[in-house]
Amino acid sequence: MEPATVYGHCAPEFAGVREAFARNFSTHGDIGAAVTVTVGGEAVVDLWGGHADAAATRDWEHDTLVNVYSTSKGMTALCAHLLVDRGELDLDAPVAHYWPEFAQAGKRELPVRWLLSHRAGLIAPRERLSPADAYDWERVCAALAATPPWWEPGTAQGYHAVTFGYLVGEVVRRITGQSLGTFLRREITGPLGARVFIGTPTEEHARCADMVGQLDEARLTQQFPGLPKPPFTALSDHPQAVVALALTYVPTGDVNSAAYRSAEIPAGNAHASAHGLATVYGALAGGSLVKPATLEEMRRSQSLPGEGDLTLGALAPQGYEHRWGVGYMLNHQGQAGPNPRAFGHGGAGGSFAFADPENRLSYAYTMNKYGGGTTGHDPRNAGLVRAVYQALEPVLS
């Protein structure tokens, strides 16, 4: 493949990151992509290149937005933590304290913390919903409020691939009176000047890159041959029931459509630039967004030693052990560099963003060629992260 022209700037000591970024086009087939790294609040790497569409009719620009799938969850969790930081949300209070209807079906005492750490047992509503229903906030939230958990809450972790955004987002909405996307923009990304949207304004759609390949029914069928269709009455109904339920109403239409871009699906449809994501994580890493105690709570492990993930056990690479903080992936396997206390989130397709507070560093990689999963182990990301920390070795040693 012909090498893409790489634009932007890179501090001299991070030249290896530029080389790794260029290799993602020549070796790994990236179509359009961007990577940003900040250290101490300054962008030491801010690169982009390639095209925003498969036909190569639009160049990828510095301000190009792209669907980042579950990398969105880091932004959604941050909205909740900002309310914790302000004293408006208690992670250990019952969800029903803020959302009274949630008390149905044995969930009266279920704490907010379990929503954020994928321990609530609410991977899907019991009511059969279609992918199109993902656009109907009120219907999804009402269905989840009425749903008995699929396992005893708190006893196991299972990635809430789609429901995470509605569950956390509705708590935010009940406290603030604002939708999750509105709160994110008004309170976090707008003040930071960060180009990250959940519910992307129509006037921004022209700056959105098209995903080339996407998470759709054909891809799910290919990844999980014979994946059953709900409904189920129990997880024991089928060996892959937990996966099928967790993904049961992922919107499987065109993620490049105006309807999808405008919708608020906070677990998976943020549209962001790499610079925007790195700006938000940079504010976290630099201590300017939340208090130290809140930052510590965000990355406190909620997983039991050796505990598997009921959903991601089937989705993650073999041997991968998933550990959750309070809304974030923890860095126990080095996907976010050598600091085990770094934290962030990845998305289906390959995007990844994280904060490394001990080194005052943030990182974000976005792209439009659908590739790896949510874990950050996509080879494109892995090469970039490795190059970032190789550049830092003289400082860290």
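- Among residue pairs with one or both ends in residues 109-134, those qualifying as ring-ring contact (aromatic ring centres under 6.0 Å, His included) are H118-Y159, H118-H160, H118-F164, H118-W324; sequence neighbours excluded.
- Taking the side chain as every heavy atom from C-beta outward, Q335 and V385 never approach each other to under 4.5 Å.
- Under the 4.0 Å criterion applied to side-chain N and carboxylate O atoms, R113 and E297 are assigned as salt-bridge partners.
- Residue pairs satisfying the salt bridge (charged side-chain N to carboxylate O under 4.0 Å, His left out) criterion with at least one member in residues 142-155, sequence neighbours excluded, are absent.
- Residues meeting the salt bridge (charged side-chain N to carboxylate O under 4.0 Å, His left out) test with E170, sequence neighbours left out: R173, R174.
- G74 approaches Y328 most closely through the heavy-atom pair O-OH, 2.7 Å.
- With a 4.5 Å cut-off on side-chain heavy atoms, H9 and L47 do not count as touching.
- Considering only heavy atoms from C-beta on, R323 stays 4.5 Å or farther from Q302 through its side chain.
- Side-chain contact between R108 and H97 is absent, with no heavy-atom pair separated by less than 4.5 Å.
- For V84, the side chain to side chain contact (heavy atoms under 4.5 Å, CB included) test picks out L89, L91, with sequence neighbours left out.
- Among pairs with a residue in residues 266-288, none fulfils salt bridge (charged side-chain N to carboxylate O under 4.0 Å, His left out), at least two apart in sequence or across chains.
- Remark: of the listed residues V255, I31, D53, V255 is the sole one forming a side chain to side chain contact (heavy atoms under 4.5 Å, CB included) with M211.
- Between H205 and S262 the shortest side-chain heavy-atom distance falls below 4.5 Å.
- Residues that satisfy the side chain to side chain donor-acceptor pair (under 3.5 Å) test with S130, not counting sequence neighbours, are D133.
- Under the salt bridge (charged side-chain N to carboxylate O under 4.0 Å, His left out) criterion, the residue pairs touching residues 55-83 are R58-D210, D63-R207, with sequence neighbours excluded.
- Checked against side chain to side chain contact (heavy atoms under 4.5 Å, CB included), R360 has no partners two or more places apart in sequence or in another chain.
- Listed here is the closest heavy atom pair of A272 and V68: CB-CG1, 4.4 Å.
- Among residue pairs with one or both ends in residues 330-339, none qualify as salt bridge (charged side-chain N to carboxylate O under 4.0 Å, His left out); sequence neighbours excluded.
- Nearest heavy-atom pair across A244 and P230 is O-CG, 4.1 Å.
- One finds a salt bridge joining R139 and E127 here, because a Lys/Arg side-chain nitrogen approaches an Asp/Glu carboxylate oxygen to under 4.0 Å.
- Heavy-atom minimum distance, A124 versus W150: O-NE1, 2.8 Å.
- The ring-ring contact (aromatic ring centres under 6.0 Å, His included) search around Y363 returns F354, not counting sequence neighbours.
- With salt bridges taken as basic N to acidic carboxylate O contacts below 4.0 Å, one links R119 and E307.
- Considering every non-hydrogen atom in both V66 and A209, the closest pair reads CG2-CB, 4.0 Å.
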Validation: residues 13-25 side-chain donor-acceptor distances under 3.5 Å, sequence neighbours left out:
unit_1 : atom_1 : unit_2 : atom_2 : d
N24    : ND2    : R380   : O      : 3.4

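- Contact check for P357 versus R341: no side-chain heavy atoms found under the 4.5 Å cut-off.
- Contact detail for A348 and Y370: the closest heavy-atom pair is CB-OH, 3.3 Å.
- Residues F197 make up the rest of the hydrophobic cluster containing L65, defined by ILVMFWY side-chain heavy atoms closer than 4.5 Å, directly or through other members.
- In this structure the side chain of I188 reaches within 4.5 angstrom of the side chain of L78, judged on heavy atoms.
- Counting only heavy atoms from C-beta outward, the side chains of F232 and P228 approach each other to under 4.5 Å.
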